[in-house]
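Reading through the structure tokens given below for one structure.
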2 protein chains.
Amino acid sequence: MRSYSQFCAVAKALDVLGDRWTLLIVRELLLAGPSRYTDLRNGLPGIATNLLSDRLRELEAAGVVVREQAPPPVATTLFKLTPRGEAIRSVLHELGLWGIPYMAEGPAPQDVFRGRWLAWPAELFLTDLEPDGPPVSIELRTEEEPVVIEAAAGAVHVRPGSAEHPDAVISGAPQEILGLLSGHLDVRRARKRGLRIDGELGVLDRLRPAQPAALG
Amino acid sequence: MRSYSQFCAVAKALDVLGDRWTLLIVRELLLAGPSRYTDLRNGLPGIATNLLSDRLRELEAAGVVVREQAPPPVATTLFKLTPRGEAIRSVLHELGLWGIPYMAEGPAPQDVFRGRWLAWPAELFLTDLEPDGPPVSIELRTEEEPVVIEAAAGAVHVRPGSAEHPDAVISGAPQEILGLLSGHLDVRRARKRGLRIDGELGVLDRLRPAQPAALG
DNA sequence: CCGCATCCGGGGCGATACTG
DNA sequence: CAGTATCGCCCCGGATGCGG
């Protein structure tokens, strides 16, 4: 990217991160951890392959990303964030919080979706209201890959993948899941809109906010 | 900007804010408040006038900026942030924090500078260590416009402009001022590097961090 | 299959000129 | 003062090729 040539911290940050697709690549690496080129491409629907290649090289030059050789038998190159790259997480958190209102209306017709994109909203909305309770897990299933919400000892974490013995399973469209997690939909209305909620309903009350999170 | 068409909060935010120059325009409006077109241009050295015009229109359509007619005798159009636009402040704070390490080496040869760009680093670095003390003010003078740091009752604020009776005046190059405020330079070394510090030196100790803020 | 490199068309961007 | 108009250029998007 052409430099703004301004002696200002925001401008300098944008000199590194302001290019198209750059921050979304960092998003994928933060959500998925060290990733192969092909996995990044799958998590970034719409990106041109030459752009992904260019951006990864620029991020590497900027000290945000390192590439490393995975040990055999995988023997492929992995892209992972440096500590400097991990530090971008708070930027993306704020950016995501600001962007959440745009998701309230549901996806645009051409919008694509990946299950792991639910991870941040979930972590941002949910808190463990019963820190002394037993560990619980909830699996979220969309048409895409599933993600697991795990709560234990007051902390809530979300990761891509499945749970062994989930206390509850929520299946349906992403915006309904978001509505449920943010507190804008109660269980009854969510089900009416087509959301399937199986298992122990009580675990939801342990995690959901008492009042709807600010979405506008 | 062409939409990423991803049902993800970060992507939706970047659909609105990801264009070149857009976040820097928001920076100016956050730092300077409601501004005229010409003032924005002066605060955004390097921007093409048609781009500024385009971006302001897009930001207006997105509900981030409103234009209003200033009352006579000024009778000019002012651009100001909506509450939705004000909410971008935390994004730029995080982005600025991430970008600060790039300023440690000083400005690049072609870098331009505006005094008000010191406002955020100053607010981020400084805290009022003596909340019960009398109000104090420090004026920062670069070759550009001056800014005033005001501390009272535990709060530190920075605004463009001059102080009536500043307790101290610091004059010099921006990166030396940054070094002094962040704690990386002590008064002796700062002076050796050409910084002028006049007035009551004690007020600095009231505001500066005990140990250097993390810059790398 | 994985990780790119290359080519090409279109549009966003940059610089300057000009106007009510 | 507050923009509009114009014109190159280069970035971006999309497709294809290609070595390991």
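Note that the structure is a prediction, hence the values are computed from the model and not measured. A note on names: the letters A, B, ... follow the listed sequences, proteins ahead of strands, and every chain is numbered from 1.
Using cut-offs of 30° and 60° on the angle between ring planes, the pair B/Tyr37 and B/Phe79 is tilted.
Remark: A/Arg41 is not in phosphate contact with D/dG14, judged by side-chain N or O atoms under 4.0 Å from OP1 or OP2. In terms of phosphate contacts, B/Arg55 brings a side-chain nitrogen or oxygen within less than 4.0 Å of OP1 or OP2 of C/dC13. For A/Trp21 and D/dC11, the shortest distance from a side-chain N or O to OP1 or OP2 is not below 4.0 Å. Contact between the side-chain N/O atoms of B/Thr77 and the OP1/OP2 oxygens of D/dG3 is found at a separation under 4.0 Å. Applying the 4.0 Å criterion to OP1 and OP2 of C/dG3, one finds that A/Thr76 has a side-chain N or O inside that range.
Recorded end-axis angle for the helix from C/dC1-D/dG20 to C/dG20-D/dC1 stands at 30°, based on five pairs per end and rounded to 10 degrees.
Of the residues near DNA chain D, A/Arg20 and B/Phe79, the one whose nearest nucleotide (by heavy atom distance) lies more toward the 5' end is B/Phe79.
Contact of A/Asn50 with D/dG14 (side chain to base): a donor-acceptor pair of N or O atoms is detected under 3.5 Å.
Atom CZ in A/Arg2 sits roughly 13 Å away from atom P in C/dC13 (whole-Å rounding). Rounded to an integer number of Å, the gap from CD1 of A/Ile47 to P of D/dA15 is 15 Å. In this structure, CE of B/Met1 is placed 10 Å from P of C/dG12, rounded to the nearest angstrom. Summarising the geometry, the separation between OH on B/Tyr37 and P on C/dT19 is reported as 17 Å, rounded to the nearest angstrom. Separating the CG atom of A/Leu51 from the P atom of D/dC10 is a distance of 17 Å, rounded to the nearest angstrom. To the nearest angstrom, P of C/dC13 lies 14 Å from CZ of B/Arg57.
Here the side chain of B/Ala48 is nearest to one of C/dA15, D/dT4, C/dC2, namely C/dA15. Closest to the side chain of B/Thr49, out of D/dA5, C/dC2, D/dG13, is D/dA5.
Taking the charged nitrogens against the carboxylate oxygens, B/Glu144 and B/Arg116 have no contact shorter than 4.0 Å, which rules out a salt bridge. B/Glu60 and B/Arg57 are not joined by a salt bridge, as no carboxylate oxygen comes within less than 4.0 angstrom of a charged side-chain nitrogen.
Here the closest non-hydrogen pair linking B/Leu180 and B/Ala190 is CD1-CB, 4.0 Å.
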